[in-house]
Number of protein chains: 2
Amino acid sequence: MYNIREASTMTGFSLDTLRYYEKMGLIQPASRGTGGVRSYSDANVHQILSIKCLKQSGLSLEDIKDFIADGQCFRNKEALDDEEMKLIQSRMSILAAQLDRLEEQRQALDQTIAEARTKLDYYEKLMQS
Amino acid sequence: MYNIREASTMTGFSLDTLRYYEKMGLIQPASRGTGGVRSYSDANVHQILSIKCLKQSGLSLEDIKDFIADGQCFRNKEALDDEEMKLIQSRMSILAAQLDRLEEQRQALDQTIAEARTKLDYYEKLMQS
DNA sequence: CCTTGACCTGGAGTCAGCTCCAGCGTTTAC
DNA sequence: GTAAACGCTGGAGCTGACTCCAGGTCAAGG
């Protein structure tokens, strides 16, 4: 278990940002000690790192919230009832939409990287001559 | 030549956004008519579309400004003087830094896309059974 | 001429995502 | 038992990127 300062140095987010993400519903520290002191588990830290990756790929906090919602709610079940079916379908359409956007973004990113390389090459040649 | 409304529909940016980008120094419409009416050339529209691509790959307006600075300032020259050398070197280091960030971002993005696919597959299997 | 519609400007407002701060509660060290 | 160090909370403040608006200019149509 880690305190917020340790979690901060392990993940690279500031104390304030960790608290802010919690308020926004992205993280739930494993527990609270006396005086309400936050305590982060390894799983917590892992999740925060995964949030960092999602952020770095350009998702908004809302998108991240949608993205990480779930994961283990439906395991170990023989059958699903109607409610669960609907829930899963709505999650699937959200995920599918996100995936589309991410793939578009990747195309743009590839193009941008290629252009940056071209520019750099151009400058390099310019300097050599 | 296109007016701002045409430029807007051609590029997908709002009128206000186009004017805002101009104020931020990203675009210079080819000319102004009577009453200061903006007039965009094909080259302008092309550049705006390229800005759109840069935006979509996650660059800030400042980064975009750095990215598109230049391009034709040093063509057709036999030799470069000291000033120009320094300018090019500073541009190269900015571009190189951006390239690094972009490549990191692409790693994150690939990972995110892979995770999204995994999640979708998982849900799909869940629904089939 | 006068109205209508498209454009202009400067400035205010909005939203996301932090960041900072005052004031308060523990715990720890002297 | 008290001061320093750390954490907590609620709320204010800030930046980037728009978005909206009031008030003005100009061109064309009736």
Side-chain angles (χ1 to χ4, degrees), chain A residues 1-41 44-45 47-68 98 101 105 108 112, chain B residues 1-41 44-45 47-68 98 101 105 108 112:
Chain A
M1 291 299 203
Y2 315 98
N3 67 18
I4 195 167
R5 190 160 298 268
E6 288 161 338
S8 163
T9 56
M10 289 165 84
T11 62
F13 287 118
S14 76
L15 308 187
D16 271 328
T17 299
L18 288 178
R19 289 190 277 247
Y20 176 69
Y21 284 1
E22 184 178 342
K23 190 154 64 180
M24 295 296 100
L26 291 168
I27 314 168
Q28 284 88 27
S31 65
R32 296 280 195 126
T34 33
V37 174
R38 277 166 257 256
S39 189
Y40 296 82
S41 66
N44 281 151
V45 171
Q47 189 180 16
I48 297 169
L49 289 172
S50 130
I51 287 172
K52 195 177 185 184
C53 174
L54 294 169
K55 267 230 71 191
Q56 209 178 350
S57 21
L59 278 74
S60 70
L61 298 193
E62 271 315 299
D63 286 344
I64 292 176
K65 221 162 117 183
D66 288 345
F67 193 96
I68 64 185
Q98 284 187 340
R101 277 195 304 111
Q105 194 188 334
T112 299
Chain B
M1 290 299 204
Y2 315 99
N3 68 16
I4 195 168
R5 190 160 299 267
E6 288 162 338
S8 162
T9 57
M10 288 167 84
T11 61
F13 287 119
S14 77
L15 309 187
D16 270 329
T17 301
L18 288 179
R19 289 191 277 246
Y20 176 69
Y21 284 1
E22 183 178 341
K23 190 155 65 179
M24 294 297 100
L26 292 167
I27 314 169
Q28 284 89 26
S31 65
R32 296 282 194 126
T34 33
V37 174
R38 277 166 256 256
S39 189
Y40 297 82
S41 66
N44 281 151
V45 171
Q47 188 181 16
I48 296 170
L49 288 172
S50 131
I51 287 172
K52 195 177 184 182
C53 174
L54 294 169
K55 268 232 68 191
Q56 209 178 353
S57 25
L59 278 75
S60 71
L61 298 193
E62 271 315 300
D63 286 344
I64 292 177
K65 221 162 117 185
D66 288 345
F67 194 95
I68 64 186
Q98 284 187 340
R101 278 195 305 110
Q105 195 188 333
T112 299

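All values below come from the heavy atoms of this structure, side chains included, with hydrogens, waters and symmetry mates left out. Within every chain, numbering begins at 1; the chains are lettered A, B, ... in the order of the sequence lines, protein sequences first and strands thereafter.
- Residue whose closest nucleotide on DNA chain C sits further toward the 5' end, between B/D16 and B/R5: B/R5.
- The CG atom of A/D63 sits 11.5 Å away from the NZ atom of A/K65 when rounded to the nearest 0.5 Å.
- Rounding to the nearest 0.5 angstrom, the gap separating the CG atom in B/L54 from the CG atom in B/L26 is 9.5 Å.
- Contact record, B/M1 with B/A30: CE-CB, 3.9 Å, taken as the closest heavy-atom pair.
- Protein chain B contacts DNA chain C over a range whose 5' and 3' limits, counting nucleotides with an atom under 4.0 angstrom from a non-hydrogen atom, are C/dC7 to C/dT9.
- Between B/T17 and A/S39, the residue whose closest nucleotide on DNA chain D is further toward the 5' end is A/S39.
- Note that CD of A/Q98 and CD1 of A/I64 are 9.5 Å apart. Values are rounded to the nearest 0.5 Å.
- Counting heavy atoms from C-beta outward, A/L61 and A/Y20 have side chains that approach closer than 4.5 Å.
- Contacts between residues 49-61 of chain B and DNA chain D, defined by a heavy-atom separation under 4.0 Å, are made by B/K55, B/S60, B/L61.
- Taking the 5' to 3' direction, DNA chain D first and last meets chain A under 4.0 angstrom from a heavy atom at D/dG7 to D/dT9.
- For residues 50-60 of chain A, there are no salt bridge (charged side-chain N to carboxylate O under 4.0 Å, His left out) pairs, not counting sequence neighbours.
- In terms of the side chain to side chain contact (heavy atoms under 4.5 Å, CB included) criterion, residue partners of A/E22 (sequence neighbours excluded) are, by chain and number, A/P29, A/R32, A/R38, A/Y40.
- Within residues 28-37 of chain B, the residues that place at least one heavy atom under 4.0 Å from DNA chain D are, in residue-number order, B/T34, B/G35.
- At a threshold of 4.0 angstrom between heavy atoms, the contacts of A/I4 are confined to the sugar-phosphate backbone, with no base atom among them.
- If you take OG1 on A/T9 and CD on A/E6, they are separated by 6.5 Å, rounding to the nearest 0.5 Å.
- Using a 4.0 Å heavy-atom criterion, one finds that A/F13 contacts no nucleic acid atom at all.
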